[in-house]
Amino acid sequence: RIIDFVQPGDWLGIDTIGEPERHASALALTDCELDLVPYRQMAELMDREPYSCDLFSAMLSREIERQQVAAATLRSAGACQRIVLFLLQRAGKAPATPEQEAHAALPMSRQEISDYLGLTPATVSRTLSALKRHGWISLGQRGFVVQSREALQQLADGMPLTDIPALA
């Protein structure tokens, strides 16, 4: 069961602080670099440098919020909305201008995306094709580019795909 796709800067293993062992595993889908931070060293640093404790607490807070939003989305959002929210999360923050949209990596298979979102691979493929057909994303080799963040945001907010006019 796939429970998350992490991105650069994300932390792994914070859910097992204080546990004797980790109950899940991680698999890299692309080349990556990991930095190991033993919790004991992190705790010593937080004791010496109160600001580092504030930063760690803020990171934990953001992670808890991200997990809560992900859980709520999986419980209540429709298929299209789940996929669009997933793509927007992968694409990151909106650039200053639409022309600055960058290629966002999508190294996982349709099957892996469907497992993560609780959908079928056919639903994921159909929805990605519909988003591409409307011109709201372009799909490339193991990635995509957002062509209309406005349309995707409307879908993410719950507007049905059929109710969104084609945006030029």
**Q.** Partner residues of S114 under the side chain to side chain donor-acceptor pair (under 3.5 Å) criterion, sequence neighbours left out
**A.** none

Q | Shortest non-hydrogen separation from P50 to R48 and the atoms involved | A | CD-O, 3.5 Å

Q | Hydrophobic cluster partners of V6 (side-chain heavy atoms under 4.5 Å) | A | L12

**Q.** Under the side chain to side chain contact (heavy atoms under 4.5 Å, CB included) test, residues paired with S57 that sit two or more places apart
**A.** C53

**Q.** Any donor-acceptor pair under 3.5 Å from Q81 side chain to A77 backbone
**A.** no

Q: Kindly determine whether V146 and L87 satisfy side chain to side chain contact (heavy atoms under 4.5 Å, CB included), including the steps that lead there.
A: CA-CA 9 Å; V146 172; L87 292 174; over 6 Å; no

Q: List, by chain and number, the other hydrophobic cluster members for I17, where Ile, Leu, Val, Met, Phe, Trp and Tyr join if side-chain heavy atoms come within less than 4.5 Å, directly or indirectly.
A: W11, I14, V37, Y39, M42, M46, F56, M59, L60

Q: Report whether L88 and L139 are members of the same hydrophobic cluster (ILVMFWY, side-chain heavy atoms less than 4.5 Å apart, transitive linking).
A: yes

(Q) Going by the rule salt bridge (Lys or Arg N to Asp or Glu O under 4.0 Å), which residues pair with D10 if we only count those two or more places apart in sequence or in a different chain? (A) none

Give the table of side-chain donor-acceptor pairs shorter than 3.5 Å for residues 29-36, with sequence neighbours excluded, one pair per line with atom names and distance.
none

(Q) Could you check whether any side-chain heavy atom of V69 comes within less than 4.5 Å of a side-chain heavy atom of L85, counting everything from C-beta outward? (A) no

Q: Tell me, please, which residues at least two apart from R90 pass salt bridge (Lys or Arg N to Asp or Glu O under 4.0 Å).
A: none

**Q.** Residue Q100 excluded, over 12 heavy atoms near CD under 6.0 Å
**A.** yes

Q: Tell me, please, which residues at least two apart from R66 pass salt bridge (Lys or Arg N to Asp or Glu O under 4.0 Å).
A: D4, E63

Q: Compare all side-chain heavy atoms of F144 with those of L128 and state whether any distance is below 4.5 angstrom.
A: no

Q: Tell me who clusters with L55, hydrophobic residues only, linked when side chains sit under 4.5 Å apart either directly or through other members.
A: Y51

Q: Only counting residues at least two apart or in another chain, list the ones meeting salt bridge (Lys or Arg N to Asp or Glu O under 4.0 Å) with D54.
A: none

**Q.** By side chain to side chain contact (heavy atoms under 4.5 Å, CB included) - contacts of L117 (at least two apart)
**A.** L74, R82, I83, F86, I113, L119

Q: Supply the atom-to-atom distance I3 CD1 to D15 CG, rounded to the nearest 0.5 angstrom.
A: 6.5 Å

Q | Sequence neighbours excluded, every pair satisfying salt bridge (charged side-chain N to carboxylate O under 4.0 Å, His left out) that has a member inside residues 91-114 | A | E101-R149

